[in-house]
Amino acid sequence: MADMSTQHLLHLIKRLSHTISNLFVSYSIGAVVGLAIAIFFVWRLLLRSPGGSQHRQRKRQGATSSSPGVSTLSNASVVPSGVCSSSAGSRAQNLVDEFSQPVKPTLGQIVRQKLSEGRKVTCRLLGVILEESSPEELQKQATVRSSVLEVLLEITKFCDLYLMEQVLDDESEKRVVVALEDAGVFASGGLVKDKVLFCSTENGRSSFVRQLEPDWHIDSNPEIISQLARFIKYQLHVSPIKTERAAANVFSAPSLEQFFGSI
């Protein structure tokens, strides 16, 4: 019985070691704390395993046999050590199983991992942050895509983010800034209006990116992506149509939020 209990304990320790490794990979401090609590309870439960139970049972049996007039029924009511050991082991196993479940990373963790811990990001507005896809459309309206907001705000939490776009007039600039403000993009303080840049040509946007030297550039124009491939460490080409990979450091996705798996 002792050998079986030792083997069971060794099995639990292996399971816990594997779980600890997985939890540290997922960067979840809360999960590690939870696991520490689970280990404590497993330790408490294992204290009730065969050795302790048998010792207490022998003491109770000795006391009953030495006391005259005590009914033998009390001996029959003592829970067998095997049952106690099985119950404790089962509860310990349940705790290990519960904390061995894979921990789902948060959106913030996914963003940091996907961006390879990059600290500076440049991103065009049309076709990525805005619903509109041309400078001509911005002369009429500017609409922030609601599905991209959560990812955008996560990026601003740990990255120096610059948004940029080609516009045809000053009114288009004002329209874009107001749309971003109304959507709450500036509310967190991670992005300021001075980091929303405007130019009159596509080449102007390319020049902005090269001057800023970001770790990542996000764009929907394949020509700009191709031009910058040898200057920028990583790029994301946002396009609803799957295209050929321009270079090894260029990734593609139908949308910014889909690249980070938030929808």
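In this chain, numbering begins with 1 at the start of the sequence shown. Hydrogens, waters and symmetry mates are skipped; everything else that's a heavy atom, side chains included, is used.
Enclosure of atom CZ in Arg210 is not indicated, since only 12 or fewer non-hydrogen atoms of other residues, nucleotides or ligands lie within 6.0 angstrom. Sparse packing is recorded around OH of Tyr234, with 12 or fewer heavy atoms of other residues, nucleotides or ligands lying under 6.0 Å away.
One distance of note links CE of Met164 with OG of Ser206; it measures 10.0 Å at 0.5 Å rounding. Note that the CG atom of Leu256 and the SG atom of Cys123 stand 6.0 Å from one another [nearest 0.5 Å]. Considering CZ of Arg175 and OG1 of Thr143, their distance stands at 10.5 Å, rounded to 0.5 Å. For the atom pair Lys120 NZ and Leu212 CG, the distance stands at 5.5 Å (nearest 0.5 Å). One distance of note links CG of Asn249 with CZ of Phe231; it measures 12.0 Å at 0.5 Å rounding. Considering CG of Leu236 and NZ of Lys114, their distance stands at 9.0 Å, rounded to 0.5 Å.
Taking the side chain as every heavy atom from C-beta outward, Phe186 and Leu180 approach each other to under 4.5 Å. Residues Arg145 and Leu130 are not in side-chain contact: their nearest non-hydrogen atoms beyond the backbone lie 4.5 Å or more apart. Looking at Pro135 and Leu168, their side chains come closer than 4.5 Å, going by heavy atoms from C-beta outward.
Phe259 and Leu163 end up in the same hydrophobic cluster when Ile, Leu, Val, Met, Phe, Trp and Tyr side chains are linked at under 4.5 Å. Cluster annotation: Tyr162 and Leu126 are assigned to distinct hydrophobic clusters (Ile/Leu/Val/Met/Phe/Trp/Tyr, side-chain heavy-atom contacts under 4.5 Å, transitive). Linking Ile, Leu, Val, Met, Phe, Trp and Tyr residues whenever their side-chain heavy atoms come within less than 4.5 Å leaves Leu115 and Val209 in two separate clusters. Linking Ile, Leu, Val, Met, Phe, Trp and Tyr residues whenever their side-chain heavy atoms come within less than 4.5 Å places Leu149 and Val128 in a single cluster. If you chain together hydrophobic residues whose side chains sit under 4.5 Å apart, Ile232 and Ile224 fall into the same group.
In this structure, Ser239 contributes its side chain and Ile241 its backbone to a donor-acceptor pair below 3.5 Å. Distance alone, capped at 3.5 Å, is enough to place a donor-acceptor pair between the Gln166 side chain and the Ser200 backbone. Judged by distance alone, the side chain of Asp215 and the main-chain N or O of Arg119 form a donor-acceptor pair under 3.5 Å. Of the possible polar contacts, one joining the Ser207 side chain to the Asn203 backbone as a donor-acceptor pair under 3.5 Å is found. Side chain of Arg245 to backbone of Ala247: a donor-acceptor contact under 3.5 angstrom is found. Checking side-chain atoms of Gln235 against main-chain N and O of Ile225 turns up a donor-acceptor pair under 3.5 Å. A donor-acceptor distance shorter than 3.5 angstrom exists from the side chain of Gln109 to the backbone of Thr106, with no hydrogens or angles considered.
The one candidate from Arg124, Glu202, His237 that meets the side-chain hydrogen bond (donor to acceptor under 3.5 Å, both in side chains) condition with Asn221 is Glu202.
Closest heavy-atom contact between Thr122 and Pro214: OG1-CG, 3.3 Å. Smallest separation of non-hydrogen atoms from Gly184 and Leu153: O-CD2, 4.1 Å. Listed here is the closest heavy atom pair of Leu138 and Ser172: O-OG, 3.4 Å. Nearest approach of Val121 to Cys159, heavy atoms of both residues: CG2-SG, 3.9 Å. Heavy-atom minimum distance, Thr201 versus Cys199: O-SG, 3.2 Å. Residues Leu107 and Phe260 approach most closely at CD1-O, 4.3 Å, considering heavy atoms.
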- Val185 and Leu152: side chain to side chain contact (heavy atoms under 4.5 Å, CB included), yes or no, with the steps? CA-CA 8 Å; Val185 173; Leu152 192 64; 4.0 Å; yes

- Using the salt bridge (Lys or Arg N to Asp or Glu O under 4.0 Å) rule, take Lys193 and Glu181 through it: C-alpha gap first, then chi angles, then the decisive distance, then the call. CA-CA 9 Å; Lys193 294 179 182 179; Glu181 188 171 24; 3.2 Å; yes

- Message: Is there a side chain to side chain contact (heavy atoms under 4.5 Å, CB included) between Asp169 and Gln139? Walk through the geometry before answering.
- Response: CA-CA 8 Å; Asp169 52 39; Gln139 291 183 302; 3.0 Å; yes

- side chain to side chain contact (heavy atoms under 4.5 Å, CB included) between Trp216 and Phe251: does it pass, once the steps are laid out? CA-CA 10 Å; Trp216 279 81; Phe251 301 86; 3.6 Å; yes

- Start with the C-alpha distance between Asp160 and Lys195, add both sets of side-chain angles, then the distance that settles side chain to side chain contact (heavy atoms under 4.5 Å, CB included), and finish with yes or no. CA-CA 9 Å; Asp160 190 13; Lys195 291 183 179 181; 2.3 Å; yes

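No salt bridge links Arg112 with Glu154; every basic N to acidic carboxylate O contact stays at or beyond 4.0 Å.
Side-chain N/O atoms of Glu257 and Ser147 include a donor and acceptor closer than 3.5 Å.
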